[in-house]
Each structure stands twice: as structure tokens, then as C-alpha cells.
2 protein chains.
Amino acid sequence: MSVKHGLLALLCEGPRYGYELKSAFEARTGTTWPLNVGQVYTTLARLERDGLVARDGEDPEGHALYRVTATGTREVEDWWSQAVEREAPPRDELAIKLALAVGLPGVDARDVLQRQRTATVRALQTHTRKKKALPAGDTAASLVLDALVFAAEAEVRWLDHCEARLSRARNGAR
Amino acid sequence: MSVKHGLLALLCEGPRYGYELKSAFEARTGTTWPLNVGQVYTTLARLERDGLVARDGEDPEGHALYRVTATGTREVEDWWSQAVEREAPPRDELAIKLALAVGLPGVDARDVLQRQRTATVRALQTHTRKKKALPAGDTAASLVLDALVFAAEAEVRWLDHCEARLSRARNGAR
DNA sequence: CACCGCATGTAACGTGTTACATGATTCA
DNA sequence: TGAATCATGTAACACGTTACATGCGGTG
């Protein structure tokens with residue numbers, strides 16, 4: 001839904017062509033989420049099929065323009081007006097992995113925790129570095145990286161919390 | 001990848017049949033991620049196609065058992081030994097949405113922030129309530145809910161951070 | 001009897017990903 | 001000239017989701 005609605009939202013600014021949409025999408029997210037061009041075209045094809053966008057001739061340079069339809073506009077407005085659903089949370093691979101790890105005899109959950117913590121801290125550093133390298137004034141990209149930083153920090157906190165829980169359980173068991 | 005590896009990991013405990021896997025998976029995650037039975041069978045079919053599991057006769061009650069193969073065992077061991085990749089983060093719909101919102105003229109980013117904050121706080125409450133309702137001693141389920149709580153808290157903090165940034169930008173602009 | 005939980009699947013679809021094919025333009 | 005970037009697509013595939021079909025067994 002992110003790509004689909006993202007492209008749709010960008011098209012609300014005015015007609016664009018495929019490659020332009022890819023660039024715009026990446027620019028807004030500070031290249032945090034590079035977008036394969038192919039996906040832009042397949043997504044546009046699906047949006048066209050569903051009547052949310054329509055081809056709109058060519059620009060002076062001969063690029064195939066797309067514009068958003070009335071239905072598409074409504075769809076975007078709905079998107080803006082509704083919160084991203086986090087109550088029925090998407091399957092979190094890490095949470096599932098650890099939930100299984102603590103219950104399986106052959107797996108050392110502490111090892112899994114350790115490794116994940118190292119990786120997450122490294123990711124945190126990567127995001128921080130990327131943020132510093134950001135051109136000043138790019139609010140959108142800066143906020144995106146902040147989101148990743150906040151999420152990674154929370155993950156580290158959670159991993160430490162898990163560690164503590166497992167240690168307590170271990171000591172309590174003897 | 002979560003479901004696939006999750007089922008594989010569960011099968012490492014010993015042969016199981018489809019419905020049993022569904023129950024086990026849900027039990028470990030405290031029913032946080034209910035698993036459609038259909039998906040269990042399609043996933044098992046794909047795992048069988050790829051040689052990671054194999055049919056293993058029937059149990060005394062006539063259930064179609066699956067067991068993990070040598071290749072499958074290796075795959076699971078790899079999974080345990082590798083951290084969940086968060087450096088190339090999955091597309092985060094909320095982050096993308098806000099990154100686009102701050103740059104688009106027709107959209108009030110503060111409104112979007114407000115609505116999202118309300119929804120996230122509500123989700124936080126839901127998770128807390130669910131955690132209280134948990135039977136004592138279910139470590140795995142408890143940790144899963146903690147993960148959601150930590151993530152939601154981080155999201156609220158980030159939303160507030162965004163608000164502050166936007167307010168500053170607004171005042172700085174006049 | 002009717003309903004529910006257990007049990008095994010199949011079919012169709014949505015989103016996303018990669019790889020490939022093709023051609024124009026620009027630039028060292 | 002050769003490489004990189006711009007530009008438009010197609011094909012095949014992975015994962016996940018929902019809905020549907022079908023049958024068994026127990027319980028109110």
C-alpha cells in the first residue's frame with residue numbers, strides 16, 4: 001500500500017511520468033527506500049486498471065504522462081484522513097523469532113538476542129551517520145531517518161528487556 | 001519469511017500436521033498474529049516444493065504429518081544464526097506517508113500527525129490491556145506484546161518529535 | 001438436528017521484487 | 001567509442017490473504 005498510495009499522492013501534485021515518480025519518491029524519503037523503476041510501471045498499470053490514474057498524453061519531451069482520476073483523488077483523500085493501522089500489527093519477524101526461540105529447547109535465545117542487539121546497534125549507527133550526511137533543510141528525509149532511529153532505539157530497549165526477563169526466569173528456576 | 005521460517009522452526013521439534021502448526025504458532029505469539037489455516041497448507045506446499053520439508057506418513061489419528069529435511073534443518077540453523085535485517089528497513093507506510101505529507105501543498109501534515117497519534121495511543125492501550133489479560137507464565141506472548149508496546153511508544157515519541165519540528169519550521173518561516 | 005471445532009486442502013488475488021529487453025541521450 | 005543515466009516496459013516469481021469446498025466428530 002505504501003508505493004501505491006505514495007505514487008497516487010505524488011500524482012495529485014500534477015501529471016508526471018514514470019521515471020519522474022521514481023525520482024520524486026526517492027527524493028522525499030532521502031533514498032532510504034530506493035524504488036525499482038519496474039515497480040513504478042507495474043504499479044501504474046494496476047492503478048490504471050483500477051481506474052485510479054489515467055494516461056494523459058505526453059509532455060513536450062515525449063514522456064508518457066499519468067494523471068490521477070476523480071476516483072483516485074478520493075482514494076488519496078481517504079488515505080490522508082485515515083491513520084495507518086497499527087492495531088492489527090503486521091507480522092514482525094523479530095518478535096516471532098524470539099517468541100519461538102524462548103520456547104524451543106534446541107535454541108539458545110540469549111545467543112539470538114545478542115546477535116540481534118549487535119545488528120540493531122549497527123543499524124542505529126548507520127542511520128545516524130546517514131542523517132549527518134543529509135543536506136541541511138531536507139525535513140522529510142530527516143524525519144524518515146529519525147523514524148528509523150527511534151524504532152531501532154526501541155528495539156534495543158526491547159532486546160535488553162527480553163534479556164532481563166530471561167535472566168530472571170533462569171535464576172528463578174534454580 | 002516469518003511464517004515460512006516459523007513453521008520450519010516448529011517442525012524442528014518433531015513431525016507435526018498442518019492444523020497443529022497453526023495452533024502452535026498462534027499459541028507462541030499469544031494469538032497476536034492469528035494464522036489463517038489455509039496459509040499453513042500453502043506454505044507447507046511451497047516448503048515441500050523447495051525440499052525444506054517432506055511428508056512423513058500419518059500419525060495414529062490419521063493426520064498428514066510433515067517433517068523437516070536436512071536442507072530444512074540447515075535453513076533453520078542459518079535463520080537462528082543470522083540477525084533479522086533492519087539496515088535495509090522494510091518500507092514503513094507511516095514514514096513514507098509523513099515524508100510525502102510535509103512536502104505536499106494540499107495536505108495538512110499536522111492533521112495527519114494528530115490522527116495518527118490518537119490511533120497509536122489507542123493501539124498502545126489495546127496492547128497493554130491484552131498484556132494484562134495474559135495468563136501468568138506465558139513468557140513468549142508477554143514478550144511479543146512488550147515488543148508492540150515498545151514500538152508504539154517509540155512511534156508516539158517520533159510523532160511528537162515531528163510535530164515539534166514542523167512547529168519550529170513554521171515559526172522560523174515567518 | 002444444527003452448530004461448532006478440527007482437519008485438509010484449492011483458487012484467486014494483491015503487493016512487492018528481481019531480472020530482462022530495448023532504446024535514447026549525454027558525457028568522458 | 002564506451003559507459004552511465006534516462007526512459008518504458010514485460011515476465012516470472014515470492015509471500016501473504018481471503019474465500020471457498022469438503023468432510024469428520026462431538027455437543028447442545
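Here is the naming used below: chain letters follow the sequence lines, and residue numbers restart at 1 for every chain.
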Neighbours of DNA chain C within residues 2-31 of chain B, by heavy-atom distance under 4.0 Å: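 Per residue number, the list reads B/Tyr17, B/Gly18, B/Tyr19.
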Bending between helix ends of the helix from C/dC1-D/dG28 to C/dA28-D/dT1 [5 pairs per end, 10° resolution]: 10°
Segment of DNA chain C, first to last nucleotide, that comes within the 4.0 Å heavy-atom reach of chain A: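 Span of nucleotides near chain A: C/dG14 to C/dT18.
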Charged N to carboxylate O under 4.0 angstrom, [X] versus [Y]?
{"X": "B/Asp138", "Y": "B/Lys130", "value": "no"}
{"X": "A/Glu163", "Y": "A/Arg157", "value": "no"}
{"X": "B/Asp111", "Y": "B/Arg117", "value": "no"}

Verdict with supporting geometry, A/Val40 and A/Leu35, side-chain contact (heavy atoms from CB on, under 4.5 Å): CA-CA 8 Å; A/Val40 174; A/Leu35 183 53; 3.8 Å; yes
D/dG16 OP1/OP2 closer than 4.0 Å to side-chain N/O of B/Arg46: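 Result: no.
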Spacing of B/Leu35 atom CG relative to D/dT18 atom P, expressed in whole Å: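 My rounded result for the distance is 11 Å.
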Residues in salt bridge (Lys or Arg N to Asp or Glu O under 4.0 Å) contact with A/Arg55, at least two apart in sequence or another chain: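 Scan of A/Arg55 (salt bridge (Lys or Arg N to Asp or Glu O under 4.0 Å), adjacent residues dropped) gives A/Glu48.
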With B/Glu85 via salt bridge (Lys or Arg N to Asp or Glu O under 4.0 Å) - residues at least two apart: none
Aromatic ring pairing A/Trp79/A/His5, orientation class (parallel under 30°, perpendicular over 60°, tilted between):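 Ring orientation of A/Trp79 relative to A/His5: parallel.
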Exam field: side chain A/Thr120 to backbone A/Val156, donor-acceptor pair closer than 3.5 Å: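 Answer holds: no.
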Positions of residues 64-84 of chain A (non-hydrogen atom under 4.0 Å from DNA chain D), listed by number: A/Ala64
Proximity to the side chain of B/Gln39 - top-ranked nucleotide from D/dA14, D/dG16, D/dT8: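 Closest of the options to the side chain of B/Gln39: D/dG16.
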Side chain of B/Asn36 (C-beta onward), nearest among D/dT8, D/dT17, D/dT18: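 Selected nucleotide: D/dT18.
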